[in-house]
Amino acid sequence: MNTSNNIMKNLKPNGNRLLVALLTCLLAIACETEIPETDVIPPEFTFQITGDGFSETFDQDTDFSSFQLNLREDTDYDFILSGSDVDGLKRIEWYLAHDYIELESEVISPWSVTASSALVDVVSWNGNRNNPVTGSILAGTFRTRGNSIGVRMTFYLTDFGGESGRSNSSSGELNILIGDHDTEKIQL
């Protein structure tokens, strides 16, 4: 761990630091695992957003109802979405309003993007019960569109629930206001 900390300190903030963090996370969460007989622990997720002088990480323990995230219109933001479950992750879903949050990065397999309605895209990853892994990670960039537009990003994860097949889940719903304002987290 000291080696990766030293590498991180010596990298310039031009994206290389993000790449090393991404690779470190990927190695930590994409391990093969075995599904136990019983699993009662829900999966975990993190969503990191950086850009416009802002950086924040949200997870399944975040009190999403206590704040609003203000994002600046027509601005690019980098993100890292990760999900994990030590007993095998079944699915990660990220819902976003594609008219107002436009993915700038290509989403590559095993991740996919599908339209769930006229306004919402679902970015998702599916685990495999026959070859379970502890998680997955997606990194990229999105661009905000619109002015004085309120949207939500929803995160939903499920695990295999053990051999019984009764899945555990985690979720979060991030309230966002896109407009001509600073990027910041506003407490409600």
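One is the number of the first residue; the rest follow in order along the sequence.
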- Euclidean distance, K185 NZ relative to L174 CG, rounded to 0.5 Å: 9.5 Å
- Can you check salt bridge (charged side-chain N to carboxylate O under 4.0 Å, His left out) on R145 and E102, steps first, answer last? CA-CA 7 Å; R145 302 281 184 216; E102 182 180 330; 3.1 Å; yes
- Using the rule that two of Ile, Leu, Val, Met, Phe, Trp, Tyr join whenever any of their side-chain heavy atoms come within less than 4.5 Å, decide whether F45 and V122 are in one cluster. no
- Taking a hydrophobic cluster as the set of Ile, Leu, Val, Met, Phe, Trp and Tyr residues connected by side-chain heavy atoms closer than 4.5 Å, whether directly or through intermediates, do F155 and L89 fall within one such cluster? yes
- Query: Would you call R143-E104 a salt bridge at under 4.0 Å N-O?
  - Reply: no
- Drop me the distance from E73's CD to S148's OG, to the nearest 0.5 angstrom. 8.0 Å
- Message: Can you confirm whether I108 is buried at CD1, in the sense that more than 12 heavy atoms of other residues, nucleotides or ligands lie under 6.0 Å from that atom?
- Response: no
- Indicate if I186 and M153 have the same hydrophobic cluster label, given that clusters are the connected sets of ILVMFWY residues with side-chain heavy-atom separations under 4.5 angstrom. no
- Show your working on side chain to side chain contact (heavy atoms under 4.5 Å, CB included) between L103 and V123 and close with a plain yes or no. CA-CA 10 Å; L103 290 171; V123 180; 3.8 Å; yes
- Message: One pair to check against side chain to side chain contact (heavy atoms under 4.5 Å, CB included): Y77 and T50. What are the steps and the verdict?
- Response: CA-CA 6 Å; Y77 293 92; T50 57; over 6 Å; no
- Kindly say whether Q60 contributes a backbone atom to a donor-acceptor pair with the side chain of S170 at under 3.5 angstrom? no
- A118 backbone acceptor or donor facing H98 side chain under 3.5 Å: yes
- Dump the intermediate steps for side chain to side chain contact (heavy atoms under 4.5 Å, CB included) on I49 and F54, then the final yes or no. CA-CA 8 Å; I49 180 172; F54 178 83; 3.8 Å; yes
- Message: With a 6.0 Å cut-off (strictly less than), is the heavy-atom count around CZ of R129, excluding the residue itself, greater than 12?
- Response: yes
- Task: For T154 and Y95, indicate whether the former's side chain and the latter's backbone hold a donor-acceptor pair under 3.5 Å.
- Result: no
- When you measure from the side chain of S164 to the backbone N and O of G161, does any donor-acceptor pair fall under 3.5 Å? yes
- Testing F47, W111, Y156 for ring-ring contact (aromatic ring centres under 6.0 Å, His included) with W94, which one passes? F47
- Task: Just do the side chain to side chain contact (heavy atoms under 4.5 Å, CB included) check on L188 and S66 with the steps written out, would you?
- Result: CA-CA 5 Å; L188 301 176; S66 69; 5.9 Å; no
- Without swapping roles, check the side chain of T33 against the backbone of V86 for a donor-acceptor pair under 3.5 Å. yes
- Note on the structure: Rounded to the nearest 0.5 angstrom, the CZ-CH2 distance for R91 and W125 is 10.5 Å
- Task: Mind checking the CD1-CD spacing from I176 to Q68? Nearest 0.5 Å is all I need.
- Result: 9.5 Å
- Is there a donor-acceptor contact under 3.5 Å linking the side chains of T46 and S82? yes
- Message: If hydrophobic clusters are built from ILVMFWY residues whose side chains come within less than 4.5 Å, do V120 and V113 share one?
- Response: no
- Nearest 0.5 Å, what's the CG-CD distance between D87 and E163? 10.5 Å
- Item | Proximity of F58 and F67 rings by center, below 6.0 Å | yes
- So, the side chain of D159 versus the backbone of N168: is there a donor-acceptor pair under 3.5 Å, distance only? yes
- Message: Could you check whether any side-chain N or O of H181 sits under 3.5 Å from a backbone N or O of R72, counting only pairs where one atom can act as donor and the other as acceptor?
- Response: no
- Do the side chain of N128 and the main chain of N130 share a donor and acceptor less than 3.5 angstrom apart? yes
- Message: Is a donor from one side chain sitting under 3.5 angstrom from an acceptor on the other, for T57 and D59?
- Response: no
- Query: Can you tell me how far OG1 of T183 sits from CG of L69, rounded to the nearest 0.5 angstrom?
  - Reply: 7.5 Å
